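I have placed the structure first, in the form of structure tokens, so that the comments after it can refer back to it.
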Amino acid sequence: MTIEIALEAKNIIKTYSRGSEHVNAVNGISVTLNKGEFVSFMGPSGSGKTTLINILGCLDNPTQGTLTVANQPVFTSGKPLAETNLTLLRRALFGYIFQRFYLIPTLTVTENIILPLTFYRKTGTHDAVGLMKLLGIEHRSNHLPGELSGGEMQRVAIARALINQPEILLADEPTGNLDSQRSEEIGQILKQLNKTKGITVIMVTHNQELACISDRTIHLRDGIIKD
Amino acid sequence: MKIYQIAYKNLLRKKTRTLLTILGISLSSWVLVSLLGFNKGYEKSLSRDIDQLGFQVLLTAKGCPYEAATLMLKGGTGLKYMDEAVLKQVESYPEVKKVTAMIMHGVFDPNKGQSGGVSAYLGIDPKTYPNLKQYVKFKQGAWFTGATLNEAVLGYEAAELEQREIGDLILVPGTNLELKVVGILQRTGSQDDGTIFVPKQFIQEKFGLKGKITGIGIQVKQKDNITKFEDKLYKLPDVQVVSLAQVKETIMNLVATARVLVLSIAVIAILIAMLGVVNTILMSVFERFQEIGILKSMGAMPLDIFKMIWTETIILCSIGGVVGNLLALGLSIVTDTLIRQILPYTPSGRLVVIDAQLSLTTLVIIICIGIISGIYPAWKAATIRPLESMRSEGA
């Protein structure tokens with residue numbers, strides 16, 4: 001059986017400069033993620049996991065290194081992509097979930113979910129109702145985010161991330177604002193999406209229990225992968 | 001969902017701020033519409049007042065031409081007298097089509113107002129005056145019967161004020177003279193509405209002014225050659241030639257000065273409103289810094305964000321423009337009254353005329369201002385990088 005590669009990063013370096021000081025937040029990381037894989041990145045604060053996931057998710061350019069996503073070369077060494085090109089990649093391949101949900105407070109649950117379609121619509125079906133059913137929030141479709149619990153808000157954010165049928169789902173501390181019960185629920189949802197829809201999931205978390213549900217956990221420290 | 005729907009809902013987040021911004025735009029728009037409406041209405045009313053005089057040139061006794069012009073437009077002629085013999089001479093000119101002599105006389109009425117006032121009577125020639133005022137229609141009765149000199153025709157408002165009808169008598173204040181009302185004019189919207197017309201001879205005989213008149217109204221055959229004709233009239237002794245075209249030009253020049261001042265204020269008000277719009281939208285962009293970044297992470301291109309923010313500005317200005325127009329329309333009577341209080345002379349009729357073309361023009365101006373005001377905040381939002389916005393904790 002051939003294993004398809006979802007994402008391949010080679011020797012990724014990200015350097016931040018503050019005056020004369022240069023800090024490598026990511027220091028030569030190489031990683032390969034297979035299609036349909038669920039990978040967690042763990043590490044203490046400042047270990048570079050969010051910086052890495054931002055580069056893997058085409059939210060940021062690396063200082064050095066190469067990145068290939070869905071067999072398309074994205075970054076070639078020393079050649080940053082323009083913001084517009086990054087946006088084109090993001091909307092074609094990725095879905096994002098953040099710790100703080102970032103739902104639009106004046107839009108209803110349904111409107112928040114279909115919001116990405118305003119800007120980009122991939123060919124195929126866009127089943128907002130199906131997603132709400134899948135995530136157990138169909139009874140909240142006409143509610144505003146302010147009327148939802150934290151767990152429900154994150155479910156809406158997950159539905160929003162899935163509406164354009166991404167190949168890769170990036171979740172940055174998706175349960176950081178939730179209690180343990182809601183965290184477990186969100187973890188199960190991500191696992192279910194990974195298994196049933198074959199979506200590649202890349203998750204950053206501090207939560208050891210949540211990381212356990214992934215196929216592979218990569219530990220980072222000081223910008224490098226710790227074995 | 002369309003971008004304009006998102007933009008509209010974004011404006012609902014801070015309702016008070018949105019309302020205040022709309023209010024600012026509305027007030028600027030109101031000033032602009034009213035000012036342009038005044039520009040249109042004043043000139044129209046003045047032209048109509050002048051046209052309704054029925055003559056193009058007025059001869060009065062020598063004196064200040066502005067005073068003569070103002071007195072004439074306010075309903076009468078100057079109270080300096082000239083010899084009636086001038087009339088014969090004027091009639092002999094070939095340029096003259098129609099001519100009429102008038103005599104104005106004022107008597108003190110102790111019952112007028114709180115501390116008394118002057119009641120003015122316009123003595124006219126019943127044979128020639130109606131020929132010049134052919135547009136005048138009667139509500140009741142007709143011009144003088146000629147049976148007696150003691151007859152009066154009341155303008156519409158004069159009749160209302162005196163509460164008189166056909167057949168009623170009017171006592172000339174300070175005298176024992178009585179006038180019988182033989183006609184009441186329909187409303188003309190001109191100074192005629194407030195005038196009490198009497199036969200010229202009545203004033204000349206009863207007030208010891210035989211052979212005297214205060215003005216001669218002249219209708220010329222060809223309006224194009226009026227300047228040459230005026231030069232001829234200037235050669236007459238002790239008369240003041242008042243060309244109504246000049247009067248109109250002079251008044252419009254005086255009003256233009258005031259208009260420039262008000263227009264400057266309107267421009268400043270619009271600039272302030274414009275800055276208000278820029279400030280509101282910019283604040284809203286900064287408040288939604290992270291959110292805009294998230295929109296970009298989910299696939300919004302810089303142009304999408306630009307359109308969204310720009311649409312918000314245009315919605316604000318469009319609503320403000322429409323409300324300003326409605327305010328200007330609804331309060332045009334109030335504006336009219338205020339202007340009448342401020343300006344020394346105002347023609348009769350509506351001073352502020354707001355029509356569809358004017359409303360549309362100002363709406364387009366306000367929307368254009370919105371388009372210009374929205375460029376900077378929209379550009380600012382469009383250039384937000386998602387990563388920067390996510391790093392700014394609660395920016």
Side-chain angles (χ1 to χ4, degrees), chain A residues 14 16 25 50-51 53-55 57-61 80 82-108 110-122 126 128 144-146 157 159-164 166 170 172-173, chain B residues 1-19 280-281 284-312 315-316 378-395:
Chain A
K14 180 70 183 180
Y16 290 111
T50 296
T51 306
I53 203 178
N54 286 339
I55 292 167
C58 295
L59 286 165
D60 199 6
N61 280 295
E83 187 55 44
T84 307
N85 294 336
L86 286 175
T87 307
L88 289 171
L89 276 168
R90 285 196 297 262
R91 67 187 189 185
L93 298 170
F94 294 97
Y96 301 87
I97 307 163
F98 303 96
Q99 182 181 340
R100 294 171 63 181
F101 325 130
Y102 297 119
L103 302 177
I104 309 285
T106 46
L107 303 183
T108 63
T110 307
E111 288 169 336
N112 265 292
I113 292 170
I114 62 168
L115 186 59
L117 304 178
T118 307
F119 309 113
Y120 179 65
R121 184 180 281 264
K122 246 188 210 175
H126 305 89
L144 292 171
R160 183 181 65 185
L162 295 174
I163 192 73
N164 246 332
L170 278 104
D172 189 357
E173 300 277 11
Chain B
M1 205 163 44
K2 305 286 179 202
I3 281 183
Y4 73 85
Q5 289 172 307
I6 304 170
Y8 169 71
K9 292 205 168 189
N10 280 339
L11 290 172
L12 296 179
R13 288 190 201 191
K14 305 270 180 181
K15 291 192 181 77
T16 310
R17 188 168 66 193
T18 301
L19 271 175
T280 301
I281 299 294
S284 151
V285 166
F286 288 139
E287 281 168 5
R288 288 183 284 154
F289 193 62
Q290 287 185 322
E291 198 178 287
I292 291 168
I294 300 302
L295 291 179
K296 288 184 110 178
S297 77
M298 62 176 72
M301 295 295 269
L303 187 63
D304 294 322
I305 302 296
F306 189 94
K307 279 197 280 188
M308 186 179 80
I309 302 296
W310 217 20
T311 307
E312 288 179 26
I315 290 174
L316 277 180
W379 171 79
K380 196 83 185 160
T383 52
I384 288 174
R385 294 188 62 215
L387 197 65
E388 283 168 12
S389 68
M390 279 176 240
R391 278 193 194 131
S392 65
E393 286 297 310

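Not measured: the values here are computed from a predicted model. Below, read A as the first sequence line, B as the second, and so on, with proteins coming before strands; counting in each chain starts at 1.
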- Item | CA sep, side-chain torsions, deciding dist, call: B/L316, B/I281, side-chain contact (heavy atoms from CB on, under 4.5 Å) | CA-CA 10 Å; B/L316 277 180; B/I281 299 294; 3.7 Å; yes
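- Side-chain contact between A/T108 and A/L144 is present, with at least one heavy-atom pair separated by less than 4.5 Å.
- Listed options A/D60, A/L88, A/N164, A/D172 were ranked by heavy-atom pairs under 4.5 angstrom with chain B; first place goes to A/D60.
- Options B/Q5, B/R13, B/E291 differ in how many heavy-atom pairs under 4.5 Å they form with chain A, and the most are formed by B/R13.
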Hey, can you pull the donor-acceptor pairs under 3.5 Å for the side chains in residues 297-309 of chain B, sequence neighbours left out?
residue : atom : partner : partner atom : Å
B/S297  : OG   : B/I294  : O            : 2.6
B/D304  : OD2  : B/M301  : N            : 2.8

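- For residues 112-119 of chain A, heavy-atom neighbours of chain B at less than 4.5 Å comprise A/I114, A/L115, A/P116, A/T118, A/F119, sorted by residue number.
- Heavy atoms closer than 4.5 Å to chain B are found nowhere in A/F94, neither backbone nor side chain.
- Distance check: A/C58 SG to A/R91 CZ gives 13.5 Å after rounding to the nearest 0.5 Å.
- With hydrogens and angles ignored, the 3.5 Å screen pairs a side-chain donor or acceptor of A/Y96 with a backbone N or O of A/G57.
- A salt bridge between B/K9 and A/E111 is present, with a side-chain N of the basic residue lying under 4.0 Å from a carboxylate O of the acidic one.
- Other residues, nucleotides and ligands place no more than 12 heavy atoms under 6.0 Å from the OH atom of B/Y8.
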